[in-house]
Structures are given as C-alpha cells and as structure tokens.
Undergrad: 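One structure, pasted below without further comment.
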Amino acid sequence: MRREIVVGFDGSPQSRTAVEWAARECGTRRTELTVCHVWDGPHAEREAAITGQVRRLAGRTLIEGVELAERLLPGRSVRSIMARGNPGPELASLSRAAEMLVVGCRGLGGVAGLLLGSVSAHVATHALCPVLAVRPADPASPPSPGNVVVGVDGSACSAAALRFALGHARLHRLPVHVIHARKDTWPQPGWEVERWLAEAVASLSGDHSGVAVTAGAVSQLPLPALLARSRQARLLVVGSRGLGRVRARVLGSVSQELLHRASCPVAVVKQHD
C-alpha cells in the first residue's frame with residue numbers, strides 16, 4: 001500500500017508554505033508526495049475557449065507546485081493531480097489513501113480567510129486522515145525550538161490526537177506537552193486530574209519511547225489556553241471534536257477557531273470507528 005502525503009496548492013504564498021511543510025514531512029516520514037491543484041473554470045454556457053485558457057493556467061499552477069516540491073525532495077518523484085471542482089470536497093476525497101493532508105490557511109480568494117472557511121475547515125471535518133493547516137512564518141519572529149502541544153478532554157478524538165502528537169514528536173525529536181483545559185469545576189481534586197492525564201499518556205506512549213512528555217490541567221477555557229501555548233509551539237494538535245453535547249458531523253468550535261487563530265501549524269485529527 002502506498003504511503004503518501006497530499007498537499008493542496010493554488011499558487012498562493014500560503015500554499016507554497018504548505019508544499020514546503022509537506023515536502024519536509026515526506027523526507028522525515030519517507031512517504032510519497034502528491035501535489036494537487038483544484039480548478040473551476042467558467043460554467044458550461046461559457047465559451048469553450050475560455051474554459052481552455054483557465055485549464056492551461058491551472059496546469060501551469062500545478063507545475064509550479066510540483067517543481068517546488070521536487071527542489072525540496074531531490075531525486076524523489078512527486079505525483080501530481082489536477083482536478084476540477086470545489087477544492088474542499090476534491091481534497092477530502094484524496095484523504096482515503098493519504099497519511100495526512102496538508103493545506104495552507106488562506107488561499108487566493110478575494111475575502112481574507114475564504115480558503116480557510118471553505119477548504120481548511122471542510123477537509124478538517126470530512127477528511128479520513130489527519131489534516132494539517134499551515135501558515136507562513138512571521139519573518140519578524142525568530143524561530144523557536146518549540147514543542148508539540150496537544151489538547152485532550154477524554155474523548156476518543158483527543159486520544160487519537162494524542163497518539164498522532166506522540167508519533168510526530170518521536171519523528172522530529174521534539175518534546176510533547178499535553179494540556180487539559182476546562183473552566184468549570186472538576187469533581188475530582190487537582191491531583192486526581194493530574195493522575196488521569198498521566199494514565200492517558202502512559203496508555204499511548206508505549207511505542208514512543210524517548211519522547212519527553214509533560215502534562216497538566218488548567219482552569220481555563222480550552223480556546224485561550226491552547227492559543228496561548230501555540231505561540232511557542234512547533235505544532236498544535238487537537239481532535240476534530242470533543243465531549244460537547246452535539247455529536248453532529250461538524251468541526252468542533254475550538255478546532256475551528258484554532259485553525260483561524262493559532263500562531264503555529266495546527267493538526268486536526270479524527271477518531272475513526
């Protein structure tokens with residue numbers, strides 16, 4: 001079975017960062033890389049010549065993304081896919097055979113954040129593999145060695161997020177910080193919460209020996225707690241949804257906000273039945 005990372009590319013600076021990030025992951029994980037560009041030409045009633053021009057432009061955009069990936073992965077073949085349609089569903093459909101799906105936080109839409117709303121959130125909700133949303137680094141901020149921060153709440157999705165975070169940290173030789181943030185009062189005393197976190201980490205860390213793990217519970221709403229820790233993190237990992245009352249097929253509100261506002265790349269991980 002082919003192991004691959006799929007990355008969406010539309011020619012924007014954000015998507016270039018996504019390709020760079022995905023290529024580095026392929027080098028570390030020794031997986032194949034697939035660069036995908038999704039285009040949508042004029043409607044059927046428009047002139048065929050216009051559609052052809054748009055398609056040729058899409059082809060040049062895809063070539064640009066592939067060439068960027070090949071420069072970062074010398075000697076490695078890079079697979080390319082050009083699809084026509086809505087980027088969100090088209091990318092999500094490629095997740096069936098992917099180890100992860102990487103997208104930029106914003107694309108070429110006229111409204112800031114349009115790609116984030118229509119693509120990043122869509123694939124984070126519907127993809128069958130972990131989704132990583134990345135953004136260009138701030139040139140004014142010096143790079144930090146960072147760590148992998150993972151938010152947990154006891155749900156199956158957060159257990160999957162913890163498993164992914166430990167695996168990523170082992171590959172990249174990074175420490176992991178596990179955080180449980182909850183504003184309302186816990187029935188257990190603080191030391192029992194800490195023990196619960198330690199047991200959760202221990203139950204999943206058997207295959208990830210050598211990873212330095214710290215864990216803690218904070219009396220704070222999850223969103224501000226995770227946003228604050230994203231400023232020094234190399235990667236922030238969360239489940240696609242937690243223990244909220246509504247179990248609909250939508251992206252959790254915390255995950256959605258983190259995709260918009262986190263200072264580092266965000267991985268959204270789904271638990272599969």
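Positions are given from 1 along the sequence.
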Undergrad: Run the side chain to side chain contact (heavy atoms under 4.5 Å, CB included) test against Ser230 and tell me which residues pass, sequence neighbours left out.
TA: Leu236, Ala262, Ser263, Cys264
Undergrad: Using only atom types and a distance under 3.5 Å, with no angle test, would you say the side chain of Arg30 pairs donor to acceptor with the backbone of Cys26?
TA: no
Undergrad: Are any non-hydrogen side-chain atoms of Arg84 and Arg55 less than 4.5 angstrom apart?
TA: no
Undergrad: Between Ser15 and Ala18, is there a donor-acceptor pair closer than 3.5 Å when you use the side chain of the first and the backbone of the second?
TA: no
Undergrad: With a 4.5 Å limit on heavy-atom distance, are the side chains of Val237 and Val269 in contact?
TA: yes
Undergrad: Does the side chain of Pro224 come within less than 4.5 Å of Leu227's, by heavy atoms?
TA: no
Undergrad: Shortest non-hydrogen contact from Val254 to Leu223?
TA: O-CD1, 4.2 Å
Undergrad: Can you confirm whether Leu91 sits close enough to Val119 that some side-chain heavy atom of one is under 4.5 Å from a side-chain heavy atom of the other?
TA: yes
Undergrad: When you look at Val176 and Thr214, which way does the side chain to side chain contact (heavy atoms under 4.5 Å, CB included) test go after all the steps?
TA: CA-CA 6 Å; Val176 172; Thr214 57; over 6 Å; no
Undergrad: If every non-hydrogen atom of Ile5 is compared with every non-hydrogen atom of Ala22, which pair is closest and at what distance?
TA: CG2-CB, 4.0 Å
Undergrad: Verify, without hydrogens or angle tests, whether Arg76 (side chain) and Thr31 (backbone) share a donor-acceptor contact under 3.5 angstrom.
TA: yes
Undergrad: Listed by chain and number, what are the side chain to side chain contact (heavy atoms under 4.5 Å, CB included) partners of Thr28, not counting sequence neighbours?
TA: Leu171, His172
Undergrad: May I ask you to decide if Gly104's main-chain N or O and Ser120's side chain share a donor-acceptor pair within less than 3.5 Å?
TA: yes
Undergrad: What residue pairs, at least two apart or across chains, pass side-chain hydrogen bond (donor to acceptor under 3.5 Å, both in side chains) with a residue in residues 64-74?
TA: Arg16-Glu64
Undergrad: Between Val35 and Leu62, does the side chain to side chain contact (heavy atoms under 4.5 Å, CB included) criterion hold? Intermediate values first, please.
TA: CA-CA 7 Å; Val35 178; Leu62 179 60; 4.1 Å; yes
Undergrad: Search all heavy atoms of Pro222 against all heavy atoms of Ala181 and return the closest pair with its distance.
TA: CG-O, 3.4 Å
Undergrad: Measure the spacing between CG of Asp153 and CD1 of Ile179 and express it to the nearest 0.5 Å.
TA: 12.0 Å
Undergrad: Partners of Arg60 by side chain to side chain contact (heavy atoms under 4.5 Å, CB included), sequence neighbours excluded?
TA: Arg56, Leu57
Undergrad: Contact between Val213 and Val178 at the side-chain level, heavy atoms closer than 4.5 Å - yes or no?
TA: yes
Undergrad: Let me confirm one number: the CG-CZ distance from Leu235 to Phe164, rounded to the nearest 0.5 Å.
TA: 6.5 Å
Undergrad: Considering residues at least two apart in sequence or located in another chain, which fulfil the side-chain hydrogen bond (donor to acceptor under 3.5 Å, both in side chains) criterion with Ser93?
TA: none
Undergrad: Using atom types as modelled and distance alone, determine if a side-chain donor or acceptor of His37 lies under 3.5 Å from a backbone N or O of Thr61.
TA: no
Undergrad: Can you tell me how far apart CD (Glu32) and CG (Leu73) are? Round to the nearest 0.5 Å.
TA: 11.0 Å
Undergrad: Is there side-chain contact between Thr17 and Val19, with at least one heavy-atom pair below 4.5 Å?
TA: no
Undergrad: To check you understand the geometry: which heavy-atom pair defines the closest contact between Ala161 and Gly239, and what is its length?
TA: CB-N, 3.6 Å
Undergrad: Mind checking the SG-CZ spacing from Cys105 to Arg261? Nearest 0.5 Å is all I need.
TA: 13.5 Å
Undergrad: Do Val148 and Leu174 make a side-chain contact, defined as non-hydrogen atoms from C-beta onward lying under 4.5 Å apart?
TA: yes
Undergrad: With rounding to the nearest 0.5 angstrom, report the SG to CE distance, Cys129 to Met100.
TA: 8.0 Å
Undergrad: Any idea which heavy atoms bring Val134 and Pro265 closest together, and the distance?
TA: CG1-CB, 3.8 Å
Undergrad: Please enumerate all residues that pass side chain to side chain contact (heavy atoms under 4.5 Å, CB included) together with Ala92, with sequence neighbours excluded.
TA: His122, Val123, His126
Undergrad: Residues two or more places apart in sequence or in another chain: which of them pass salt bridge (charged side-chain N to carboxylate O under 4.0 Å, His left out) with Glu25?
TA: Arg29
Undergrad: Can you measure from OG1 (Thr125) to NZ (Lys270) and round to the nearest 0.5 angstrom?
TA: 6.5 Å
Undergrad: Show your working on side chain to side chain contact (heavy atoms under 4.5 Å, CB included) between Val238 and Val150 and close with a plain yes or no.
TA: CA-CA 6 Å; Val238 291; Val150 54; over 6 Å; no
Undergrad: Do Leu132 and Val266 touch side chain to side chain, with heavy atoms closer than 4.5 Å?
TA: no
Undergrad: I'd like to know if the side chain of Ser80 and the backbone of Cys36 have a donor-acceptor N/O pair within less than 3.5 Å.
TA: no
Undergrad: Hydrogens and angles aside, do Arg79 and Thr34 bring a side-chain donor and acceptor to less than 3.5 Å of each other?
TA: yes
